[in-house]
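One structure below.
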Amino acid sequence: MNFLCTLFIALALIPLTPLHAADVAARPNILFLFSDDHALRAIGAYDGSINKTPNLDRIAHEGAIFTHAFVGNSICCPSRASFLTGKHSTANGVLGNSSKWNGKQWVYSRELGKAGYQTAVIGKWHLKGNPTDEFQHWDVLSGSGGQGSYYNPEFISSAGPSKSEGYSTDIITDKAIAWMKQRNDAKPFLLCAQFKAPHTPRTPALKDMASYDGVTFPEPPSLFDNYATRQPFVADTWMKISGMDGPGLNIGPTQEELAADPKKMPHFLEDMNAAQRAVWHKAYDPRNREYARLKAAGKLNGKDGVRYAYQRYIADTVRCVDGLDANVGRILAYLDESGLSKNTIVIYASDQGFFTGEHGWAEKRWMYEESFKFPLLIRWPGNINPGTRVDALVQNIDLAPTLLSVVGLAVPKEVHGLALQPLLGGATPADWRKDVLYTYYDGGTPKARGEYNMPRHMGVRDERYKLIHFYDYDAWEFYDLKNDPQEMHNAYKNPAYAGEVERLKARLIALKKQYEIPEPPKLTAKKKR
Ligand code: CA
């Protein structure tokens with residue numbers, strides 16, 4: 001750990017309210033770049049990557065890459081609430097995607113504002129309830145139930161609604177750079193630039209639509225998982241790549257078919273103007289004609305169909321990530337040109353990871369590694385050495401206390417997360433947390449189905465082992481991540497692990513107590529598909 005890092009930890013321990021103007025001006029700027037559903041595997045800097053992301057990689061190479069960053073609840077709204085509050089879902093009230101956001105509760109961004117920071121959130125907010133005073137400036141995607149559109153998106157701000165022409169990732173970047181240019185440069189800033197990409201329906205930027213034809217992406221080893229050692233509900237969830245069609249794969253009518261019958265316009269093309277749609281047709285019509293030909297010839301059955309859908313799905317993911325990476329590059333270039341790079345902490349994260357074919361899925365929600373983890377990269381010149389790798393267990397609840405500590409504010413006792421500063425040298429201190437908690441509530445049973453036909457679950461993961469409790473089914477899973485990193489063999493009943501299972505059961509009880517997690521609410525959802 002270098003001197004400056006030690007200094008910041010020391011500062012973090014001293015409550016410094018109110019801050020004097022001169023102290024505030026010396027604080028670093030904070031730029032939080034946030035995406036939606038970005039798998040670690042789709043970032044070049046991560047082990048096992050399938051694509052190139054030179055600009056995201058630059059953040060990692062000039063700073064730190066976190067290899068074991070976990071969400072507490074792998075779904076959009078709850079994760080976003082945990083980033084803002086530093087708390088697990090039951091404490092901030094956002095248990096699932098239908099939970100209302102209580103914007104009056106404590107959030108780190110308001111505290112930074114009170115301490116003299118200029119604060120802004122631009123882009124995808126995706127909490128149920130627009131921002132109020134969590135940030136001083138807000139301008140967030142408003143269409144499609146808060147998901148926003150990829151093309152010509154609508155925004156809402158304190159000034160009212162607006163509409164922009166173009167591609168969402170470009171527009172959010174334009175707005176973020178414009179905000180940095182107009183700010184009062186006597187004060188430090190917190191800017192959260194939050195992108196929709198690469199969330200479904202994965203629609204790339206026009207310039208990226210035609211790429212990767214003829215490229216075969218590597219398949220994950222668990223693509224054809226048969227779930228043999230697990231409960232039947234694991235195989236019954238509605239997130240399989242097998243059978244994917246339509247908007248999930250950019251499969252739609254050709255230009256000629258649409259001209260003949262405009263009523264065939266799929267929802268995911270409705271937001272585009274005619275010129276944008278023409279580019280989409282040029283790129284996707286040949287692929288979709290080939291799809292129709294293969295389907296008619298009976299060549300998309302069984303594993304062939306899964307392989308085909310996987311390639312379509314992963315190519316669109318990578319195309320969306322390319323647009324994201326290019327815009328991260330634009331933002332980094334602006335920081336360089338404006339002289340802001342040296343005194344700005346740049347953080348890149350996603351609201352969760354995502355299955356990119358692992359276990360045959362294209363979704364999140366589970367406590368399995370691919371959706372439990374999220375990508376986390378931090379560049380902080382003078383405080384993080386270039387090329388730092390942090391393998392310690394961290395969580396999304398850690399962002400809020402980390403940024404409070406940066407500013408020199410005390411972390412309230414009720415915040416669950418831990419400031420990450422002790423890890424920034426790369427080594428894990430002996431007293432760092434040894435395990436992380438997971439809770440997922442947007443689930444159900446066959447009698448009261450949850451979203452995606454998912455089961456509710458909670459669990460604990462330490463450096464090597466993972467225990468998951470599907471409490472509505474009284475079912476358990478246990479994985480040895482060292483010997484079974486793909487999580488293909490549920491070892492809950494293996495006598496060799498009996499001691500570890502009991503140890504983790506005790507840890508789960510202890511963590512629930514530590515975070516004051518109440519018993520899960522009764523199931524009420526009754527959804528069919
Ligand atoms: Ca998400």
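Sequence positions, counted from 1, serve as the residue numbers for this chain. As a basis for the values below, the full set of heavy atoms in this structure was taken, side chains included, without hydrogen atoms, waters or symmetry mates.
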TODO: Report the distance from atom CD1 of Ile378 to atom OG1 of Thr388, rounding to the nearest 0.5 Å.
DONE: 10.5 Å
TODO: Flag the pair Ser144 / Ser149 as yes when at least one side-chain heavy-atom distance between them is below 4.5 Å, and no otherwise.
DONE: yes
Task: Phe374: which of Tyr46, Phe83, Phe70 passes ring pair (Phe, Tyr, Trp, His ring centres under 6.0 Å) - done: Phe83
Open item on the list: Could you check whether Asp322 pairs with Arg319 (Lys NZ or Arg NE/NH1/NH2 to Asp/Glu carboxylate O, under 4.0 Å)?
Closed with: no
TODO: Kindly compute the distance separating OG (Ser35) from CZ (Phe354), expressed to the nearest 0.5 Å.
DONE: 11.5 Å
TODO: Report yes or no: does Tyr438 contribute a side-chain atom to a donor-acceptor pair with the main-chain N or O of Ser74 at less than 3.5 Å?
DONE: yes
Open item on the list: Looking at every heavy atom in both Ala197 and Cys320, which two are closest together, and how far apart are they?
Closed with: CB-O, 4.2 Å
Open item on the list: Main chain of Leu418, side chain of Asp398: is a donor-acceptor contact present, judged purely on distance under 3.5 Å?
Closed with: yes
Open item on the list: Within the 4.5 Å heavy-atom criterion, are Arg58 and Leu332 side-chain neighbours or not?
Closed with: yes
- [ ] Report yes if the distance between the aromatic ring centroids of Tyr108 and Phe32 is under 6.0 Å, otherwise no.
- [x] no
- [ ] May I ask you to test the Ser341-Arg379 pair for a side-chain heavy-atom distance under 4.5 Å?
- [x] yes
Task: Short side-chain to backbone donor-acceptor contact, Gln105 and Asn92, under 3.5 Å - done: yes
Open item on the list: Could you tell me if the side chain of Leu127 sits less than 4.5 Å from the side chain of Leu84, heavy atoms only?
Closed with: yes
TODO: For Asp435 and Val460, indicate whether the former's side chain and the latter's backbone hold a donor-acceptor pair under 3.5 Å.
DONE: no
Open item on the list: Is it the case that the side chains of Glu363 and Tyr452 hold a donor-acceptor pair, with the cut-off being a distance below 3.5 Å and no angle test?
Closed with: yes
Open item on the list: Hydrogens and angles aside, do Ser109 and Glu111 bring a side-chain donor and acceptor to less than 3.5 Å of each other?
Closed with: no
TODO: On the 0 to 90° scale, with breaks at 30° and 60°, tag the His416-His88 ring pair as parallel, tilted or perpendicular.
DONE: tilted
TODO: Please say whether more than 12 non-hydrogen atoms of neighbouring residues, nucleotides or ligands are located less than 6.0 Å from CD in Glu516.
DONE: no
Open item on the list: Contact between Pro386 and His61 at the side-chain level, heavy atoms closer than 4.5 Å - yes or no?
Closed with: no
Open item on the list: On a heavy-atom basis, which atom in Gln421 and which in Ser405 lie closest, and how many Å separate them?
Closed with: NE2-CB, 3.5 Å
TODO: Let me see the working for Tyr167 and Tyr151 under ring pair (Phe, Tyr, Trp, His ring centres under 6.0 Å), right down to the final yes or no.
DONE: CA-CA 5 Å; Tyr167 184 61; Tyr151 277 88; 5.1 Å; yes
Open item on the list: Tell me whether the count of non-hydrogen atoms from other residues, nucleotides or ligands lying under 6.0 Å of CD in Gln514 goes above 12.
Closed with: yes
Open item on the list: Just by distance, no angles: are the side chains of Trp138 and Asn130 close enough, under 3.5 Å, to form a donor-acceptor pair?
Closed with: no
- [ ] Go through the steps to decide whether Ile468 and Arg461 satisfy the test side-chain contact (heavy atoms from CB on, under 4.5 Å), and finish with yes or no.
- [x] CA-CA 9 Å; Ile468 312 176; Arg461 183 209 196 275; over 6 Å; no
- [ ] Any chance you could lay out the side-chain contact (heavy atoms from CB on, under 4.5 Å) test for Asp462 and Arg507, step after step, and finish with the verdict?
- [x] CA-CA 10 Å; Asp462 67 13; Arg507 283 302 301 151; over 6 Å; no
Open item on the list: What verdict does the side chain to side chain donor-acceptor pair (under 3.5 Å) test give for Gln352 and Ser350, after you've listed the backbone C-alpha separation in whole Å, the side-chain angles of each residue and the deciding distance to 0.1 Å?
Closed with: CA-CA 5 Å; Gln352 354 73 211; Ser350 176; 5.5 Å; no
TODO: Considering non-hydrogen atoms only, spot the tightest contact between Ser338 and Tyr334 and give its length.
DONE: OG-O, 2.6 Å
Task: Val279 side chain reached by Met272 side chain, heavy atoms, under 4.5 Å - done: no
Task: Atom NZ of Lys434 with >12 non-hydrogen neighbours under 6.0 angstrom - done: yes
TODO: Indicate yes or no: does Asp36 engage Arg80 in a salt bridge with an N to O separation below 4.0 Å.
DONE: yes
Task: Heavy-atom closest pair, residues Gln194 and Trp125 - done: NE2-CA, 4.1 Å
Open item on the list: Could you check whether Asp325 and Asn55, counting side-chain N and O atoms only, form a donor-acceptor pair closer than 3.5 Å?
Closed with: yes
TODO: Mind checking the CD-CG spacing from Gln395 to Leu376? Nearest 0.5 Å is all I need.
DONE: 12.0 Å
Open item on the list: Once rounded to the nearest 0.5 Å, what's the spacing between atom CG of Leu467 and atom CG of Leu504?
Closed with: 5.5 Å
Task: Backbone of Leu95 reached by a side-chain donor or acceptor of Ser99 within 3.5 Å - done: yes
TODO: Salt-bridge test for Arg330 and Asp174: reply yes if a basic N is under 4.0 Å from a carboxylate O, no otherwise.
DONE: yes
- [ ] Decide if the gap between the ring center of Phe217 and the ring center of Tyr212 is smaller than 6.0 angstrom.
- [x] yes
Task: Audit row: His38, Phe195, side-chain contact (heavy atoms from CB on, under 4.5 Å) steps and yes/no - done: CA-CA 10 Å; His38 195 173; Phe195 301 98; over 6 Å; no
Task: Residue pair Thr344 / Asn29, side-chain donor-acceptor N/O under 3.5 Å - done: yes
Task: Heavy-atom donor-acceptor pair, Asn152 side chain to Gly166 backbone, under 3.5 Å - done: yes
Task: Tyr440 and Arg365: side chain donor to acceptor below 3.5 Å - done: yes
- [ ] Would you please classify the geometry between the Trp366 ring and the His457 ring as parallel, tilted or perpendicular, with 30° and 60° separating the classes?
- [x] tilted
TODO: Find out whether Phe268 and Tyr150 are in side-chain contact, i.e. whether some heavy atom of one side chain is under 4.5 Å from a heavy atom of the other.
DONE: no
Task: Modelled atom types, side-chain donor and acceptor of Glu134 and Trp101, under 3.5 Å - done: yes
Task: Identified side-chain contact (heavy atoms from CB on, under 4.5 Å) counterpart of Ile59 within the set Thr53, Ile43, Ile347, Val346 - done: Val346
Task: Donor-acceptor under 3.5 Å (Tyr310 side chain, Pro218 main chain) - done: yes
Task: Heavy-atom closest pair, residues Gly148 and Lys196 - done: O-NZ, 3.0 Å
Task: Under 3.5 Å side-chain donor-acceptor pair for Asn73 and Ser89 - done: yes
Task: Matching residue for His137 among Leu191, Val121, Ile122 - test: side-chain contact (heavy atoms from CB on, under 4.5 Å) - done: Ile122
TODO: Would you name the heavy atoms of Pro153 and Leu141 that are closest together and state the gap between them?
DONE: CB-CD2, 3.6 Å
Task: Short side-chain to backbone donor-acceptor contact, Asp37 and Pro198, under 3.5 Å - done: no
Open item on the list: Using modelled atom types and a 3.5 Å cut-off, is there a donor and acceptor pairing between side-chain atoms of Arg464 and backbone atoms of Lys482?
Closed with: no
Task: Euclidean distance, Ile30 CD1 relative to Leu399 CG, rounded to 0.5 Å - done: 8.5 Å
TODO: Taking only Lys NZ, Arg NE, NH1 and NH2, and the carboxylate oxygens of Asp or Glu, determine whether Asp170 and Lys207 approach each other closer than 4.0 Å.
DONE: no
- [ ] Report the distance from atom SG of Cys76 to atom NZ of Lys124, rounding to the nearest 0.5 Å.
- [x] 5.5 Å
Task: Close side-chain approach of His359 to Glu370, heavy-atom, < 4.5 Å - done: yes
Open item on the list: Under a 3.5 Å distance rule, please check whether Arg41 uses its side chain to pair with a backbone N or O of Ile50 as donor and acceptor.
Closed with: no
